[in-house]
Amino acid sequence: MKSLSAHPRRAPASLRRSDIPASGPARRVTGAASVLSAVLDHGPVARSTVARLTGLSPASVSGHSGRLLSRGLVRESTEATGPTGLGRPHIPLDIDTRIKMHGLLRELYERHRPAVLLVTHDVDEAVELADRVLVLEDGRISVDLAVGLPTPRSPRDPRFQEHRDTLLAALGVARHRPSTS
């Protein structure tokens, strides 16, 4: 078997527990992972703030952010925040996975028509994406709701709201409609 690296290494005969780095404070997350963690933990946050949170240099944060942006794992907000004037604008980084995941799921479904099981705790997401929504209670199906709405679906559609209200009632959650403005 040929090695793909310039310096071939011998693989250990077997992996031992001692070969795996310990988790916890001794193990430091670096690079793109720490940038992504800062954005996940602190919400929309400017690169300068990410640098302070992670201890990485601003140049390193910019490089890692660029790679995360190019892979679609984060997005830059359209509005700058922070002080105005000289210097770079404070453009927050944010996670944009839900919108991308919904689009990808719809595209894959339209192309291949597979059976899809989506587990979610978000009632709006369930009504938006599913043809059928099941609510489990004590390990049993307590609600079996056929959505039957044309796609794309809008939370402004009264039928969408009816399904939403039905599911929220089944979950014992107070009715709260998001603003539709």
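Along the sequence shown, the residues carry numbers beginning at 1.
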*Could you pull out the closest heavy-atom pair between Leu56 and Ser34, with the gap in Å?*
CD1-OG, 3.3 Å

*Basic-acidic side-chain contact under 4.0 Å: Glu76, Arg47*: yes

*Ion pair Arg111/Glu107, N-O distance below 4.0 Å*: yes

*Results of side-chain contact (heavy atoms from CB on, under 4.5 Å) for His112 - residues two or more places apart only*: Leu108, Pro114

_Non-neighbouring partners of Arg159 that pass salt bridge (charged side-chain N to carboxylate O under 4.0 Å, His left out), sequence neighbours left out_ = Asp157

*Looking only at non-hydrogen atoms, find the nearest pair between Gln161 and Pro155 and report the distance.*
NE2-O, 2.7 Å

*Who pairs with Ile141 by side-chain contact (heavy atoms from CB on, under 4.5 Å), at least two apart in sequence or on another chain?*
Leu134, Leu136, Asp144

*If you look at every heavy atom in Arg153 and Phe160, which pair is closest and at what distance?*
CB-CD1, 4.2 Å

*asked:* Test of understanding: with side chain to side chain donor-acceptor pair (under 3.5 Å), list the residues that count as partners of Arg140, not counting sequence neighbours.
replied: none

_Which residues share a side-chain contact (heavy atoms from CB on, under 4.5 Å) with Ser57, sequence neighbours left out_ = Ala59, Ser60

*Taking atom OG1 of Thr54 and atom CG of Leu36, what is their separation to the nearest 0.5 Å?*
12.0 Å

*Could I get the full list of side chain to side chain donor-acceptor pair (under 3.5 Å) partners for Glu125, not counting sequence neighbours?*
Arg98, His102, Thr120

